[in-house]
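One structure is given here, and the rest of the page talks about it.
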Amino acid sequence: MSKLTFPRMGESWRTFKMLLEDLGNDVVVPPRPSKRTLDLGVRYSPEFACLPLKILMGTYLETVEMGADTIVTSGGVGPCRAGEYAMLHHKLLKDLGHDIKMIVFEPPRLQPLNFIKNVRALNKNRTSIRGIIAHIKRAWRKLQALDNAEKLSHIVRPREITRGTTSKMYRRVLGWIDQAYTTEQIIETETAALQALRGVPQDLDREVLKVGIVGEIYVLLEPASNLEIEETLGNLGVEVERSMFLTGWTRDNTWTETTEMMSVKEAAAPYLPELVGGHGRDSIGNTILCAKRGFDGMIQIAPFTCIPEIVARTILPRVSRDYNIPVLTFFLDEQTGKTGMSTRLEAFTDLMRRKKRLQRGQFTLTG
Amino acid sequence: MDLNKKLGIPSVLLYYIYFPFWLAFFNEIGVQVVTSSNTTKSIMDKGVREALADACVPIKLFFGHVMDLKNKCDCLFIPRVVCLNGKTIYCPKFLGLPDMIRHSLDGIPPIIDVRIDARQGRLSKIKAYLEIGSYFGAGRNIVLKAYCKAWIALRRYNRLLRKGLNPLDAMEIIKNPKNKKLILPAKSNLKFAVLGYPYAIYDSFISVNLLGKLKKMGVSVLTAENINPLTLAWQKNCGLPKRLFWTFSDAALKAAHYLFRQGRVDAVLHLTAFGCGPDSLLNKFIELEAKQHKEIPFMTLMIDEHTGEAGMATRLEAFVDMVKRRKEVVSTCRN
Ligand code: SF4
Ligand code: SF4
């Protein structure tokens, strides 16, 4: 039987593994990207390919070693490179002599036939359509549970009393959610997981800064690719709110907290009315929304040479000035080191803290 | 805005493809057009200073040209060109071009950034030009007439390109049809294909005068613009299941497919810009294709704002020598 693998993005693999197995496939779980993954990827990818392409290339090579012979991934019609990734990966793997099959999901709206064909290829158990929908629904619920646990960990970490307890607990609850199978189990373990995370001993009086994270989706979702920026920030006493999760951006949040009931697209419109591929426009829109909600700063992370984020980065200084919110950008490549990043993050945190104290000082003076 | 204003068009990026169209259009509705001067070191330096360090060279160059133009005109023409043929789009940086300029440079005159997207219906292009015309108070009929004239100009221009002229010469001929005779490039026995984006190949500053150098070495050059677009449209995509969705990259890949299979050129060069996103894929695809056609030598040349005259010349000379020797060996073997 063929062995399937798929791109890894953060913890979402737990869901995809469940879904593919439910349909009767043999799955090779992509390992967490390591130094070796990156080395492999860099060696066999074009020099100016963006980091996600390189890491995925490395991951594919590792999964091939583990016996995978079919890759399930997404295609696309642009405007950005991600839509062409699958073709390049396929060519590169073939060039290296690996006879790999690719199942590429194109947007179902544009190519419904491709979608049906792919689903049928994956449906080894010959599950009924209704059964497939039930599987997908359950998988989605699990994805939500994983995202919710991660979101909470971002809030708890900056307040923890003993450093490292949140991360430890977070890893433990991931295991619980992973084990849950039926919808009831998933909901139950989610509740337990959130409770356990909340139970981490915290100092609730600590002065915590709030920072929004925007940027390119892959480096946002895969901690191994962004050098665990969220954990580093949490340890610096910064609560992060990431603008992107696979299960979607928490819309309710933005709508209630900004008075103007604005969507990301509307917020970005005065600066960048065009969809420039990837999430360039969202980076701008979310920066504005977060500024309106009183965040202390924004961090943009993107792969080196990332086209949409370069467009966004060109415009962000103006947004930063107009809304008086500091913005720090990291363009990541294989050479970016964790120490360098930590130093810049520390300096940025200091800056935000000083700004915050200054503002508060003014308030007491005038009030 | 009225007709007395001067309209600035930066001579980079789409300039090489559509300037004759724009010029004819604006002349017809009575708007005076100024362009930035040819790329110089100082324009490049300005661009490097103003644009984001991580941007690709052509975008930096665009910033430089805008800086050069901004005091010479009353408004800038930077249309948001999304799609012109209904099939392929332009690099996302083209899509965000007016916004990048507007929000990161100071003291910029008003920008005409009409969105042109041919995927939105048959008449969308004409509508876009009607909108452009309305900036200058030009009426519907005038705009429609200008639009037709512009098409004719573009057709003429493209016909000249197909004859093997390079864009700058072709524009010169259109400008002074009388006093300049059509000098076709001399035939020589070495013929190279140069693939890459028109705004890199034809800008003799950033391409470090690649075309001139080849000419001096007695090599005649073929580019994707010299190939009939219909021929190109028929080509497959070097064995890829779908086309590349960026217009210029698509054309270059199809040209590669055609040239490698036709075998009428002696070598293929791919000129790629440092930091270019689409090229990271395109170059690899062409390279893999070249691997299957060993009889046609292939070389990639990467340019950036620091590319030196000397380095480029040495590499080119070595490559040309190699191709020459190969050709001799092959022909003696045949005899
Ligand atoms: S959004 Fe950025 S990282 Fe993603 S494919 Fe496009 S260029 Fe690459
Ligand atoms: S295609 Fe490449 S060179 Fe052209 S604008 Fe886009 S990134 Fe820059």
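Within every chain, numbering begins at 1; the chains are lettered A, B, ... in the order of the sequence lines, protein sequences first and strands thereafter.
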> With a 4.5 angstrom heavy-atom cut-off, which part of B/L282 approaches chain A: side chain, backbone, both or neither?
Replying inline: neither
>> For A/R318, is there an ion pair with B/D106 - N to carboxylate O distance below 4.0 angstrom?
In response: yes
>> Can you tell me which portion of B/K93 sits under 4.5 Å from chain A's heavy atoms? Options are side chain, backbone, both or neither.
In response: both
> What part of B/R115 is in contact with chain A, defined as an atom under 4.5 angstrom from a non-hydrogen atom: side chain, backbone, both or neither?
Replying inline: side chain
> Which answer fits A/F331, side chain, backbone, both or neither, if we ask what part of it has an atom under 4.5 Å from a heavy atom of chain B?
Replying inline: side chain
> Thinking salt bridges, do A/E274 and A/R281 make one under a 4.0 Å N-O criterion?
Replying inline: no
>> In the structure I gave you, are the side-chain heavy atoms of A/D95 and B/K291 within less than 4.5 Å of one another anywhere?
In response: yes
>> Under a 4.0 Å threshold between the charged nitrogen and the carboxylate oxygen, would A/R81 count as salt-bridged to A/E84?
In response: no
>> Is A/L316 close to chain B through its backbone or its side chain, or both, or neither, when contacts mean heavy atoms under 4.5 Å?
In response: neither
> With ring centroids as reference points, do A/F105 and A/F115 lie under 6.0 angstrom apart?
Replying inline: yes
> Taking B/N283, B/D279, B/L244, B/T272 one by one, which has the highest count of heavy-atom pairs under 4.5 Å against chain A?
Replying inline: B/L244
>> Could you check whether any side-chain heavy atom of B/D54 comes within less than 4.5 Å of a side-chain heavy atom of A/F304, counting everything from C-beta outward?
In response: yes
>> Whether A/D333 and A/K54 form a salt bridge (side-chain N of Lys/Arg under 4.0 Å from carboxylate O of Asp/Glu) is what I want to check.
In response: no
> Among B/L240, B/I59, B/L97, which residue forms the greatest number of heavy-atom pairs with chain A at distances under 4.5 Å?
Replying inline: B/L240
> Which bit of B/C91 is near chain A, if near means a heavy-atom gap under 4.5 Å: side chain, backbone, both or neither?
Replying inline: side chain
> Considering only heavy atoms, which portion of A/P303 lies under 4.5 Å from any heavy atom of chain B: side chain, backbone, both, or neither?
Replying inline: neither
